[in-house]
There are 2 protein chains.
Amino acid sequence: MAGQKIQRQTGVALWRQIADRIRTSINHGDFDESGMVPPETTLALQFGVNRHTIRSALAALAQEGIVRAVQGRGTLIERKERLSFPISKRTRFSQGIGDQVRETRSVLLGTGEEAASAELARHLRIKTGAPLVRLETLGQADHRPVSRATSWFPADRFGGIAETYRAMGSITKAFREFGVPDYVRMVTEITATHADENDLADLQLSPGAIVLITQALNTDLDNVPVQYSISRFAADRVRFTIEN
Amino acid sequence: MAGQKIQRQTGVALWRQIADRIRTSINHGDFDESGMVPPETTLALQFGVNRHTIRSALAALAQEGIVRAVQGRGTLIERKERLSFPISKRTRFSQGIGDQVRETRSVLLGTGEEAASAELARHLRIKTGAPLVRLETLGQADHRPVSRATSWFPADRFGGIAETYRAMGSITKAFREFGVPDYVRMVTEITATHADENDLADLQLSPGAIVLITQALNTDLDNVPVQYSISRFAADRVRFTIEN
DNA sequence: TATGGTTGTCTATATCAATAGACATTTAAA
DNA sequence: TTTAAATGTCTATTGATATAGACAACCATA
């Protein structure tokens, strides 16, 4: 395990720092040979903390479903994944990761109408205050939540797209119904921050977790903006790949 | 400020969660009108915590140099920034952010020779065990550390590039000396994780901070790999912009 | 079946994190 | 100069975090 030392008196409990480190090591494949996490006493020695502190960290990871402790045997690794999301002109949620999971699904969390803010209007190249359709969706891979997205569509062109999406289960298909056979991604911004309370709930994260945020504009083939979306990904479950 | 509620008993101290939130709000420009953070009593009410807890959070931000408390007046915002890094075929550290800061600098942290691991060999399309030159650099903007990069170059073609880099102060210029007038970025992978102890030291972060990690391959104009690098960015100081 | 290695549980203690309240000090404006 | 509003400092108390040690329970295997 790389970078063994941990920080004390920083407002982040030792057990949480250690849990984060072990999760990273698991995702990195450090324990692939045995399929198990090292014994608690070994970890306690490595991290220079008490065994009880290690137990708190492992309990947190067990709560996340990442490891499972078996008395007498050790602590088994249950899950280990980081989906690779290609980011390109043809970025779609389900495409590109189809070969990595058995099932992808997009769930509608909520929808609404709102007037375009100055920022949204600038991105979508419409007037401030113009009506927008807002879509909140949850992306799942093999029944595990991966991303949480808010999308805005110009309402004058895509009024009722929420219902269409609900029926089709895919934004790509809904677009087709509205006479947009294809669309491309223009600009994507990527940032990272700590998960807020909505992230924790929707993405089933533990506090202190990281979310990767992408902001993207999709345009139709005539270069007219059709969708602006902000997506929040569980950082320990995904990796972005940019192909030029 | 969005998402007011904070999580208790999660291994992350309230004061640190609140400090992170306030830092985000400052970077988001929420307090731009006044140039000040709301009064401690107001924040205590908003976050639903004791004023002393707010004071701990603000003390941490003051330590980072982000705010400065003045008795009788309030808490002033000292610094607010998130550099925008364009990611494209022409990604360079100094280019693209030149208009956002007064000075960019790249500092050599260390250098060495090593044999190519299987993974590095695959990326650079050379034989496993082939000699590599390793460069550890620190990217600074206006004297503030922004990124920490480790780069590998095939030693048979770029032996001594460390010294050239040290003399030139730029990888682009060093490449030119080795007969590589231009180079392009092939694939970039982006992940995020918590800062490790090296990040904390080199990037001057506080524990629990987030680093954005990019892995990139640069090739010359004949499509031959010349550099593979892993860069770690302080997430609260940067934003990646992808232009298609 | 006996043993070594592992996780599970309990008690006790010290330190950090958070709350609560009171009052001092400083600044800006009435 | 007075006052209101803001930060600074102090004491006290409670709960979470971390350490320490001992022993029970369980598993694989020699």
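Letters go in sequence order (proteins before strands), and every chain restarts at 1. Side-chain atoms are counted along with the backbone in the values below, which use heavy atoms only and exclude waters and symmetry mates.
- The interatomic distance linking I54(B) (CD1) with dA20(C) (P) rounds to 13 Å, in whole Å.
- If you take CG of L61(A) and P of dT7(C), they are 13 Å apart, rounded to a whole angstrom.
- In this structure, CD1 of I18(B) is placed 14 Å from P of dA17(C), rounded to the nearest angstrom.
- Look at CZ on R55(B): it is 16 Å from C1' on dA17(C), rounded to the nearest Å.
- Test I18(A), L14(A), T42(A) against F47(A) for side-chain contact (heavy atoms from CB on, under 4.5 Å) and you get one pass: I18(A).
- Between F47(A) atom CZ and dA18(D) atom P there is a gap of 13 Å when expressed in whole angstrom units.
- Between the P atom of dT15(C) and the CG atom of L14(A) lies a distance of 15 Å, rounded to the nearest Å.
- Within the structure, no pair that satisfies the ring-ring contact (aromatic ring centres under 6.0 Å, His included) test touches residues 55-78 of chain B, not counting sequence neighbours.
- Between its two ends, the helix from dT1(C)-dA30(D) to dA30(C)-dT1(D) turns its axis by 20°, counting five pairs per end and rounding to 10 degrees.
- At the heavy-atom level, T75(B) lies under 4.0 Å from the strands shown only through sugar-phosphate atoms.
- Partners of A121(B) by side chain to side chain contact (heavy atoms under 4.5 Å, CB included), not counting sequence neighbours, listed by chain and number: A116(B), I126(B), T128(B).
- Counting only heavy atoms from C-beta on, A13(B) has its side chain closest to dA17(C) among dA17(C), dA20(C), dG8(C).
- Side-chain atoms of L205(B) and R237(B), non-hydrogen and from C-beta on, do get closer than 4.5 Å to each other.
- When rounded to the nearest whole Å, the span between CZ of R16(A) and C1' of dA18(D) equals 16 Å.
- In this structure, the side chains of L132(B) and E113(B) stay at 4.5 Å or more apart for every pair of heavy atoms.
- Distance CZ (R68(A)) to C1' (dG8(C)): 16 Å, rounded to an integer number of Å.
- Checking the phosphate oxygens (OP1, OP2) of dA18(D), no side-chain nitrogen or oxygen of S56(A) falls inside 4.0 Å.
- Counting heavy atoms of neighbouring residues, nucleotides and ligands inside a 6.0 Å radius, atom CD of E114(A) exceeds 12 of them.
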- Going 5' to 3' through nucleotides 22-30 of chain D and flagging B where a protein heavy-atom sits under 4.0 Å of the base, S where only the sugar-phosphate is that close, and - otherwise, we get ---BBBS--

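- Remark: R55(A) engages E40(A) in a salt bridge (charged side-chain N to carboxylate O under 4.0 Å, His left out) (not counting sequence neighbours).
- With sequence neighbours excluded, the residues satisfying ring-ring contact (aromatic ring centres under 6.0 Å, His included) with Y228(A) are H123(A).
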